Amino acid sequence: MQTMAGRVAVVTGAASGIGRALALGFGGQGANVVLADVEEEPLDAAAAEVAALGVAALPVRTDVTDAESVEALAAATLERFGTVHMLCNNAGVGGGGLIKNQQLVDWKWVIDVSLWGVIHGLQSFLPHLIEAEESHVMSTASVAGLVSGPGLGPYNAAKYGVVAIMETLHHEMARDPDAYVGVSVLCPGVVRTNIVTAQRNRPEHLRRQRSSGAAASLTPEQRADARRRNQAVADALAERGMDPADVAAKVIEAMYNRRFWVLSHLEHLEEIDHRNGQLSRLENPTLLRSFTDGE
Ligand SMILES: NC(=O)c1ccc[n+]([C@@H]2O[C@H](COP(=O)([O-])OP(=O)(O)OC[C@H]3O[C@@H](n4cnc5c(N)ncnc54)[C@H](O)[C@@H]3O)[C@@H](O)[C@H]2O)c1
């Protein structure tokens with residue numbers, strides 16, 4: 001992007017964490033911001049913070065798992081501002097647990113939000129981004145979209161999918177003579193957000209069932225293991241999580257410079273190189289160190 005001042009940015013998952021920081025970051029650059037989230041109260045609070053920066057802020061309650069809801073978000077954006085220049089498909093949820101203990105609802109919930117949310121965003125906004133004189137789309141994946149640590153099966157699957165979609169889109173936009181759309185993917189490490197309580201937004205019909213399926217009832221040991229994993233993530237976030245504002249600054253810098261890869265924690269490059277090196281030699285995968293968020 002040459003400039004963000006006076007432009008229009010849309011951010012999903014904008015009520016909390018990285019999304020809220022992105023919305024504030026765009027506002028700080030003078031952009032008008034459309035904030036989308038399922039959580040209404042924090043969404044309105046975040047929009048008020050953005051508006052306090054002296055730009056227009058439009059909160060739109062949106063469920064990214066629902067194509068119609070995201071379509072309504074695009075309609076609300078166009079009705080208010082007539083155009084859109086920056087899109088951040090950022091909403092995402094994660095839950096830990098070994099694949100052998102997952103229920104179908106665990107896969108469905110995580111993939112619905114973290115992968116289908118991105119697909120819905122592209123479906124509803126890409127034509128408008130292509131129409132704009134200059135635009136940029138970013139989707140939030142994770143280091144879990146580049147290395148598959150244990151204990152995060154659905155999350156890894158969703159985030160690998162997000163990286164694949166954005167890489168594909170990058171190639172397509174670069175070859176499209178009618179489009180001037182920059183493309184980025186954000187792959188953060190540990191960031192100090194509310195992701196550890198992501199279950200707060202889990203719909204009732206996708207909650208774990210006690211009485212059906214292979215992993216229906218966890219043993220006391222499995223439950224203790226799940227609690228231990230959750231606590232490990234909470235501790236990691238609190239102790240060494242990056243400030244979401246620093247992550248947002250890296251995204252904004254990447255948008256100005258049309259850079260694709262946005263990695264907040266460069267120390268993970270070693271793990272990524274290790275994985276890719278093993279692949280190039282057709283060696284079986286090993287991890288350099290266990291991921292705090294997975295094991
Ligand atoms: N925090 C980390 O360490 C970390 C690391 C890697 C990737 N990420 C990714 O960053 C993104 C943002 O997460 P965060 O860490 O800021 O967590 P967060 O929980 O603080 O924020 C996520 C926001 O998404 C919203 N959301 C959840 N379900 C939604 C839905 N169906 N529709 C619309 N909004 C919904 C939540 O209400 C919340 O406001 C996610 O994609 C996450 O996977 C986070």
Side-chain angles (χ1 to χ4, degrees), residues 10-25 34-47 59-70 72-73 88-96 108-121 138-147 149 152 154-163 166 185-203 205-206 230 232-248 250-251 262-265 268 291-294:
V10 176
V11 181
T12 68
S16 172
I18 296 171
R20 175 179 162 277
L22 283 166
L24 286 165
V34 181
L35 299 92
D37 205 288
V38 269
E39 281 200 298
E40 211 146 8
E41 264 182 47
L43 175 64
D44 290 343
V60 182
R61 195 197 172 272
T62 307
D63 179 352
V64 299
T65 69
D66 176 0
E68 281 180 19
S69 182
V70 179
L73 171 67
C88 294
N89 292 310
N90 167 76
V93 294
K108 180 132 180 56
W109 174 55
V110 171
I111 290 174
D112 268 2
V113 181
S114 306
L115 182 58
W116 274 102
V118 170
I119 296 167
H120 291 151
M138 184 286 283
S139 296
T140 304
S142 169
V143 173
L146 300 167
V147 182
L152 284 171
Y155 191 70
N156 291 341
K159 295 304 188 179
Y160 265 71
V162 173
V163 170
M166 297 313 283
V185 67
L186 169 63
C187 298
V190 177
V191 186
R192 212 162 50 243
T193 69
N194 293 315
I195 196 164
V196 83
T197 59
Q199 298 277 346
R200 69 193 185 278
N201 292 313
R202 187 164 175 163
H205 71 284
L206 293 181
N230 222 29
V233 178
D235 291 348
L237 289 176
E239 282 164 25
R240 53 183 182 79
M242 186 177 274
D243 186 333
D246 294 339
V247 179
K250 289 176 197 293
V251 171
V262 190
L263 269 72
S264 57
H265 296 63
H268 288 310
F291 278 2
T292 337
D293 51 349

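In each ligand, atom 1 is the first atom listed, and ligand 1 is the first ligand listed. None of these values were measured; they are calculated from a predicted model.
- Under the 4.0 angstrom criterion for non-hydrogen atoms, Ala141 is in contact with ligand 1.
- Less than 4.0 angstrom separates some heavy atom of Tyr155 from each of these atoms of ligand 1: 6 (C), 7 (C), 8 (N), 9 (C), 42 (C), 43 (O).
- Listed by atom number, the atoms of ligand 1 under 4.0 Å from Leu237 heavy atoms are 3 (O).
- Heavy-atom separations between Lys159 and ligand 1 include at least one value shorter than 4.0 Å.
- The structure places NZ of Lys159 at 11.0 Å from CG of Leu152, a figure rounded to the nearest 0.5 Å.
- Taking only non-hydrogen atoms, the option from Val247, Val38, Val196, Asn90 nearest to atom 26 (N) of ligand 1 is Val38.
- The two residues Ala46 and Ala14 make their nearest non-hydrogen contact at CB-O, 3.6 Å.
- Rounding to the nearest 0.5 Å gives a distance of 11.0 Å between OG1 of Thr193 and CG of Asp243.
- Ligand 1 places these atoms under 4.0 Å from at least one heavy atom of Val190: 3 (O).
- Taking any N or O of Ile18, backbone or side chain, at least one lies under 3.5 Å from an N or O belonging to ligand 1.
- Here the closest non-hydrogen pair linking Val10 and Leu73 is CG1-CD2, 4.0 Å.
- Applying the side-chain contact (heavy atoms from CB on, under 4.5 Å) rule to Ser139 yields the partners Asn89, Val118, Val162, Met166; only residues at least two apart in sequence or on another chain are considered.
- Taking all atoms of both residues into account, the shortest heavy-atom contact from Val247 to Ser264 is CG2-CB, 4.2 Å.
- Look at Arg20 and you'll find every heavy atom at least 4.0 Å from all atoms of ligand 1.
- Proximity to Asp63 (heavy-atom distance under 4.0 Å) selects the following atoms of ligand 1: 30 (C), 31 (N), 32 (N).
- Inclusion of Asn201 in the set of residues having an N or O under 3.5 Å from an N or O of ligand 1 is warranted.
- The N/O atoms of Ser142, backbone and side chain alike, include none that comes under 3.5 Å of an N/O atom in ligand 1.
- Of all atoms in ligand 1, numbered sequentially from 1 with element shown, those under 4.0 Å from a heavy atom of Gly189 are 2 (C), 3 (O), 4 (C), 5 (C), 6 (C).
- At least one N or O atom of Val191, backbone or side chain, sits closer than 3.5 Å to an N or O atom of ligand 1.
- To the nearest 0.5 Å, atoms CG (Asn90) and CE (Met138) are separated by 5.5 Å.
- The closest approach between any non-hydrogen atom of Thr12 and ligand 1 is not below 4.0 Å.
- Comparing Thr140, Val11, Val110, Thr62 against atom 33 (C) of ligand 1, the shortest heavy-atom distance belongs to Thr62.
- Near Gly17, with a cut-off below 4.0 Å to any heavy atom, the atoms of ligand 1 are 16 (O), 20 (O).
- Closest heavy-atom approach to atom 17 (O) of ligand 1 within the set Thr193, Val118, Asn89: this belongs to Thr193.
- Remark: Asp63 pairs with Thr65 by the side chain to side chain donor-acceptor pair (under 3.5 Å) rule, at least two apart or across chains.
- Atom CG of Leu263 and atom OG of Ser142 lie 9.5 Å apart (nearest 0.5 Å).
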For this session: Begin from the C-alpha positions of Arg200 and Glu39 and carry the test salt bridge (charged side-chain N to carboxylate O under 4.0 Å, His left out) through to its verdict.
Result: CA-CA 10 Å; Arg200 69 193 185 278; Glu39 281 200 298; 3.1 Å; yes

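- For the atom pair CD1 (Ile18) and CG (Leu22), the distance works out to 7.5 Å, reported to the nearest 0.5 Å.
- Of all heavy-atom pairs between Gly145 and Val163, the closest is O-CG2, 3.7 Å.
- To the nearest 0.5 Å, the span separating OG1 on Thr12 from CG on Leu35 amounts to 10.5 Å.
- Residue-ligand proximity, Gly92 to ligand 1, at heavy-atom distances under 4.0 Å covers atoms 40 (C), 41 (O).
- With ligand atoms numbered from 1 in the order given, ligand 1 contributes 31 (N) to contacts under 4.0 Å with heavy atoms of Thr65.
- Residue Val64 places at least one N or O, backbone or side chain, under 3.5 Å from an N or O of ligand 1.
- Within the structure, the closest approach of Cys187 to ligand 1 does not fall below 4.0 Å when heavy atoms are considered.
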